[in-house]
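Note that the structure is a prediction, hence the values are computed from the model and not measured. Throughout, a chain's letter reflects where its sequence line sits, starting with A, and its residues are numbered from 1.
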There are 2 protein chains.
Amino acid sequence: MAAHDSGSSSGDGGSGARGTRGETGLPASIEAAWGLRERPSKGPKPGLSLDRIVEAAVGVAAAEGLSAVSMGRVAKELGVSTMSLYRYVAAKDELYILMQEAVVGLPPAPPDPGTGWREALAAWAWAQREVFHRNLWVLRIPISGPPATPNSVAWWERGLTALEETGLSDGEKISVILLVSGYVRNEALLTADLGAAIEASGGSPEELLRRYATTLKRLADPARYPAVARMLESDVMYEADEPDFEFGFGLDRVLDGIEILIRKRG
Amino acid sequence: MAAHDSGSSSGDGGSGARGTRGETGLPASIEAAWGLRERPSKGPKPGLSLDRIVEAAVGVAAAEGLSAVSMGRVAKELGVSTMSLYRYVAAKDELYILMQEAVVGLPPAPPDPGTGWREALAAWAWAQREVFHRNLWVLRIPISGPPATPNSVAWWERGLTALEETGLSDGEKISVILLVSGYVRNEALLTADLGAAIEASGGSPEELLRRYATTLKRLADPARYPAVARMLESDVMYEADEPDFEFGFGLDRVLDGIEILIRKRG
DNA sequence: CAGTAACGCGTATGCCATACGCAGAAGGAG
DNA sequence: CTCCTTCTGCGTATGGCATACGCGTTACTG
């Protein structure tokens, strides 16, 4: 149900955050994130603001997870009615995008000019990871399309800049950025899921791991699953790795692969 | 809210698919997937079956997406009442897991004995990708924990087997498997999101891409985002790559990185 | 000072998952 | 053969959700 550019003739007819205004094709609230959208200065002074709404929503998500973020809950947090939020946001998805934008923020300062691509890209990946780990709920937001908010674009910018001197083609640069940020996102998602499972089980990480292993040992016939069975016998399943180490390990593999490509091009 | 092993003393007290029975700690419906759970042979003959329910749910998901899968919808598909499903499944999440298990199926036949790790791992990745691309809705299922169903374990088995001769440690093998399957999943998720955006916009992929590029060009100040701006000027943004090519490109990078590690160990 | 546009919000609709308990079916125990 | 236990399908109810619609009100613009 895409919002038509109706321009209803009489009366109010609907919420204020509707309509795409033709300029960018983006929802009004997203345009606001880009700094467009001058204040209408016609009706009563708004008692709320997009920023306050987003801040409240982020607070709820940080405290109780994304699933606790409902329009009613956010409104309650602000001491207003549910429907008043729709004067600022056309749909919940928009709120999600703005929450993401708020929490992602600007990327860290660019590296010193002489820094090599690998170091720069690694720093970029670690910074992204840190954002995700600080706000695991962000990973639960369904991705609706390519990034179209200022901070997201800034992160892209930083990633592309890191690859400036590599001699890769434009398409390859995009692919590499996609590969690395995909890796970061996936690792963060995995730890988020694991954390949720731990919290749901109520025990310690080691306890959960042990329980999982014993369950699987009972179910999985070693004849049918020999490699898995051998893995279950080994110690690996009973000591949770340092998560930072795991991340660095995978990242090194990915960067190694990229390095081979870059050397081929250079 | 983990299901306690209550064993309520009198009467019925609740749905039939409840309780963990102490054996595995898994929900009853998942145990059924492992072939446990003999028929009770006491009450009336079940008019339904887990398989039929899962089949119906998969049908709905395939036709209208995962979001169309509700207990009521699946029940309607089967001509039964909503609540009767809860005699077979304790919660919707279980149904999700069973849907995933059904659709993932068994991995393809193992490669010929002499096959190298790289070829085997690549085939494994491509096969996984094919499953995802045939059932994009699977990617919308929230991951609740490590895989504990027969087919999922079978895929793990196949992946670990591919790394048998590599000299990697057990922990490294797990990391590598995680890395590759994460890559596959991420790529599939990206194409699923892109596809959803295209469908939502109603236009062609090229049209969407062009619209996105022009929007961003209008919003992103080239002074602040020079690399992005340059990218938007180039042709890359206006020709959608062959998706298979994109996938292969990233996979090659990942496998290259893994190859370096394996050579170091060998 | 009238008109108009934006404001906050009450109400209503139509989804959703699922708790609870009833009535009837079918096998096992006596 | 009968009764009792257990399991079946399902009607009903609860509490949540996003959001459409329109009312009364506010505050600026002509």
Side-chain angles (χ1 to χ4, degrees), chain A residues 1 3-4 6-19 21 27-28 32 37-50 52-53 57 60 64 66-76 78-96 142, chain B residues 1 3-4 6-19 27-28 37-50 52-53 57 60 64 66-76 78-96 142:
Chain A
M1 200 131 311
H4 289 270
S6 57
S8 57
S9 45
S10 75
D12 193 339
S15 49
R18 268 262 214 71
R21 264 259 313 299
R37 218 85 190 157
E38 69 288 359
R39 57 203 73 254
S41 89
K42 197 63 183 293
K45 280 177 300 188
L48 270 173
S49 71
L50 258 181
R52 286 225 303 141
I53 293 172
V60 171
E64 302 168 48
L66 189 69
S67 61
V69 175
S70 70
M71 300 303 272
R73 184 71 165 67
V74 173
K76 188 171 293 179
L78 293 163
V80 300
S81 82
T82 303
M83 289 312 292
S84 55
L85 301 189
Y86 285 96
R87 290 281 175 200
Y88 300 83
V89 154
K92 204 189 172 186
D93 309 37
E94 287 183 23
L95 179 56
Y96 278 160
Chain B
M1 199 133 309
H4 289 269
S6 56
S8 57
S9 45
S10 75
D12 191 345
S15 48
R18 267 263 213 70
R37 220 85 190 156
E38 69 288 1
R39 57 204 73 253
S41 88
K42 198 61 182 296
K45 279 177 301 189
L48 269 172
S49 72
L50 258 182
R52 287 224 304 143
I53 293 173
V60 172
E64 301 167 48
L66 189 70
S67 61
V69 175
S70 69
M71 300 303 271
R73 183 70 165 67
V74 173
K76 189 171 294 177
L78 292 164
V80 301
S81 82
T82 303
M83 289 313 292
S84 57
L85 301 190
Y86 285 96
R87 291 281 174 201
Y88 300 84
V89 154
K92 203 189 173 185
D93 310 37
E94 286 184 23
L95 179 55
Y96 278 161

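Taking side-chain N and O atoms only, A:Ser84 has a distance below 4.0 Å to OP1 or OP2 of C:dC9. Taking only side-chain nitrogens and oxygens, B:Tyr88 comes nearer than 4.0 Å to OP1 or OP2 of D:dG9. The side chain of B:Tyr86 contributes no N or O atom lying less than 4.0 Å from OP1 or OP2 of C:dC20. Contact annotation: A:Lys92 reaches the phosphate of D:dA18 (side-chain N/O to OP1 or OP2, under 4.0 Å).
Rounded to a whole Å, the CG atom of B:Leu78 is 13 Å from the C1' atom of D:dG9. Distance CZ (A:Arg73) to P (D:dA18): 12 Å, rounded to an integer number of Å. Atom P of nucleotide C:dC16 and atom CD of B:Glu64 are separated by 11 Å, given to the nearest angstrom. At whole-Å resolution of the value, CE in A:Met83 and C1' in C:dT13 are 12 Å apart. The interatomic distance linking A:Leu85 (CG) with D:dA20 (C1') rounds to 15 Å, in whole Å. Distance NZ (A:Lys42) to C1' (C:dG8): 19 Å, rounded to an integer number of Å. As a whole-Å value, the separation of A:Arg87 CZ from D:dC23 P is 13 Å. One can place CG of A:Asp93 at 16 Å from P of D:dC17, the figure rounded to the nearest angstrom.
A heavy-atom distance below 4.5 Å is found between the side chains of B:Leu78 and B:Arg52.
The CD1 atom of B:Ile53 lies 7.5 Å from the CE atom of B:Met71; values are rounded to the nearest 0.5 Å. From B:Tyr86, atom OH reaches atom CD of B:Glu94 across 10.5 Å, with rounding to the nearest 0.5 Å.
Between A:Val69 and A:Ala57, the shortest heavy-atom distance links the atoms CG2-O, 3.7 Å. A pairwise comparison of heavy atoms in B:Ser84 and B:Val80 identifies OG-CG2, 3.3 Å as the closest pair.
Residue contacts for B:Met71: at a heavy-atom cut-off of 4.0 Å it reaches the sugar-phosphate backbone alone, with no base atom in range.
In terms of position along DNA chain C, the nucleotide closest to A:Leu48 lies nearer the 5' end than the nucleotide closest to the other residue of the pair B:Pro44 and A:Leu48.
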